[in-house]
J.: 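Below: one structure in structure tokens.
Hydrogens, waters and symmetry mates are skipped; everything else that's a heavy atom, side chains included, is used. Counting from 1, the numbers follow the sequence of the chain as shown. The structure presented is a predicted model; accordingly, all values stated were derived computationally and were not measured.
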Amino acid sequence: MKAPTLDDLKAASQTTVLCGLNPRTVQTLLAPATVVELEPGDALFRQGEPAAAFFIVIDGWVKLYRITPAGDEAVLHVLTKGESFAEAVAFAGGRYPATASAATNSRVVLIPAHHVVNCIREMPDIAIAMIASTSQHLHRLVQRVEQLSAQSGLQRVAEFLAALCPNMNGSCRISLPYDKSLIAGRLGLKPESLSRVFAKLRLVGVDVRASDVVVSEVAQLRSLIASDRIKARGGLNGKHRLAEDRSQHPLS
């Protein structure tokens, strides 16, 4: 661990959990903060350990997951720059309900739990900010449950890729932010199912090669997300080409 830089502290102060607080309050809360640099696979904490801190991602991607009775990873969330986590257990004095580990090279700010509790006693607005942040985490989990239960695998992948596209229309080139096995876990898919979905997406001009993705028309990709019926059209050959009817969805 090392002392945070001024850029680290600035980035931390702009996160949702802290941005609404008085600057002096933020300065006090971040006073004992340290920075940990992680390589892929390094764990910040493990499921069941006493909550010793809460965290803010400054750079990279960090995954939260639980181990199922069968020994598999159930990915709960993947966080990136500007996102915080473990606020609730930090000031409630509980145990971490999941494991957090780096999905990529990452830089994370750590704020000790005992310091958070002491600050809350003197500045109750910190507790309100953390409750609001926890509520947002809960809302995301509800959205994830809805996504897993109401969307097809194709829709989930389309939504994931569309979120990475900087524009709403036209073409774009993007890079997958972390490895495909984690993407599959994040979207509730088996790795082989993710590969099949990537193959189907070629029908709408999405070309995935290694970690590089070329989307020929972002609007068409986004249209998949709201589709009620998504089925891969079989037997695309000379008689059935994408160009034959641009008005119809090629996967409907």
Side-chain angles (χ1 to χ4, degrees), residues 38-41 57-65 73-83 101-107 140 143-237 240-252:
L38 304 167
E39 296 182 353
V57 182
I58 300 300
D59 194 25
W61 294 84
V62 175
K63 66 175 178 177
L64 298 178
Y65 65 93
E73 286 187 8
V75 180
L76 303 177
H77 194 41
V78 185
L79 304 110
T80 191
K81 182 177 180 179
E83 295 187 277
S101 68
T104 65
N105 290 330
S106 303
R107 186 175 179 88
R140 277 203 299 263
Q143 286 182 317
R144 174 163 163 73
V145 171
E146 181 181 13
Q147 181 190 54
L148 291 174
S149 61
Q151 289 185 323
S152 69
L154 194 60
Q155 285 172 304
R156 280 174 255 156
V157 176
E159 187 169 53
F160 177 82
L161 295 177
L164 298 174
C165 294
N167 46 300
M168 297 294 292
N169 297 285
S171 63
C172 74
R173 181 185 294 271
I174 55 178
S175 294
L176 298 177
Y178 37 83
D179 67 72
K180 292 177 182 177
S181 62
L182 179 53
I183 293 173
R186 174 71 183 86
L187 299 177
L189 299 170
K190 298 285 187 182
E192 57 270 23
S193 299
L194 179 64
S195 296
R196 288 194 291 270
V197 170
F198 281 153
K200 291 177 182 179
L201 285 173
R202 293 194 191 106
L203 298 175
V204 290
V206 178
D207 187 19
V208 181
R209 298 188 181 183
S211 61
D212 294 322
V213 182
V214 175
V215 182
S216 62
E217 180 47 67
V218 178
Q220 192 169 22
L221 177 64
R222 292 183 183 278
S223 72
L224 287 177
I225 302 167
S227 297
D228 292 325
R229 292 175 60 253
I230 300 181
K231 293 182 180 179
R233 178 187 293 173
L236 281 178
N237 50 34
H240 302 282
R241 296 178 182 175
L242 281 175
E244 69 183 10
D245 187 354
R246 290 292 182 180
S247 66
Q248 288 187 346
H249 208 294
L251 297 182
S252 61

J.: State which residues pass side chain to side chain contact (heavy atoms under 4.5 Å, CB included) with Asp59; sequence neighbours excluded, sorted by chain then number.
T.: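 With sequence neighbours excluded, Asp59 shows a side chain to side chain contact (heavy atoms under 4.5 Å, CB included) to Arg107, given in chain and number order.
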J.: Quick one: list whatever passes salt bridge (charged side-chain N to carboxylate O under 4.0 Å, His left out) with Asp207, sequence neighbours left out.
T.: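 Expected list: Arg209.
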J.: Quick check on Glu39: does its CD atom have over 12 non-hydrogen neighbours (other residues, nucleotides or ligands) under 6.0 Å away?
T.: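 Counting other residues, nucleotides and ligands, CD of Glu39 stays at 12 neighbours or fewer.
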J.: What ring-ring contact (aromatic ring centres under 6.0 Å, His included) pairs are there with at least one residue in residues 201-226, not counting sequence neighbours?
T.: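 Not a single pair qualifies under ring-ring contact (aromatic ring centres under 6.0 Å, His included).
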J.: For Glu83 and Thr80, indicate whether the former's side chain and the latter's backbone hold a donor-acceptor pair under 3.5 Å.
T.: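 Confirmed, Glu83 side chain pairs with Thr80 backbone.
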J.: With ring-ring contact (aromatic ring centres under 6.0 Å, His included) as the rule and sequence neighbours excluded, what pairs involving residues 176-218 come up?
T.: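 ring-ring contact (aromatic ring centres under 6.0 Å, His included) check on residues 176-218 returns Trp61-Tyr178.
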J.: Tell me every residue that passes side-chain hydrogen bond (donor to acceptor under 3.5 Å, both in side chains) with Ser193, counting only those two or more places apart in sequence or in another chain.
T.: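 Residues passing side-chain hydrogen bond (donor to acceptor under 3.5 Å, both in side chains) with Ser193: Arg196.
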J.: By side chain to side chain contact (heavy atoms under 4.5 Å, CB included), which residues pair with Val57, not counting sequence neighbours?
T.: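 Here the qualifying residues are Val62, Leu79, Phe85.
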J.: Could you tell me whether the side chain of Lys63 and the main chain of Gly41 form a donor-acceptor pair under 3.5 Å?
T.: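 No, Lys63 side chain to Gly41 backbone: no donor-acceptor pair under 3.5 Å.
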J.: Go through the structure and list residues passing side-chain hydrogen bond (donor to acceptor under 3.5 Å, both in side chains) with Asn169, not counting sequence neighbours.
T.: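 Applying side-chain hydrogen bond (donor to acceptor under 3.5 Å, both in side chains) to Asn169 gives none.
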J.: Under the rule for side-chain hydrogen bond (donor to acceptor under 3.5 Å, both in side chains), what residues qualify as partners of Ser211, not counting sequence neighbours?
T.: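 side-chain hydrogen bond (donor to acceptor under 3.5 Å, both in side chains) check on Ser211 returns nothing, list empty.
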J.: Is there a side-chain contact between Leu224 and Val157 in this structure, where contact means two heavy atoms from C-beta onward sitting under 4.5 Å apart?
T.: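 When only atoms from C-beta onward are counted, Val157 and Leu224 do not touch, as no gap falls below 4.5 Å.
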J.: For Lys180 and Val208, run side-chain contact (heavy atoms from CB on, under 4.5 Å): C-alpha distance rounded to whole Å, both residues' side-chain angles, the deciding distance at 0.1 Å, then the answer.
T.: CA-CA 11 Å; Lys180 292 177 182 177; Val208 181; 4.1 Å; yes
J.: Mind jotting down which residue pairs meet the salt bridge (Lys or Arg N to Asp or Glu O under 4.0 Å) criterion with at least one end in residues 210-222? Sequence neighbours excluded, please.
T.: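 Salt bridge (Lys or Arg N to Asp or Glu O under 4.0 Å) check on residues 210-222 returns no pairs.
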J.: Heavy-atom distance under 4.5 Å between the side chains of Ser216 and Val206, does that happen here?
T.: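 A side-chain contact is absent here, since even the closest heavy-atom pair is not under 4.5 Å.
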J.: Decide yes or no for Leu161 and Leu176: does some side-chain heavy atom of the first lie under 4.5 Å from some side-chain heavy atom of the second?
T.: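 In short, these two side chains touch, coming nearer than 4.5 Å.
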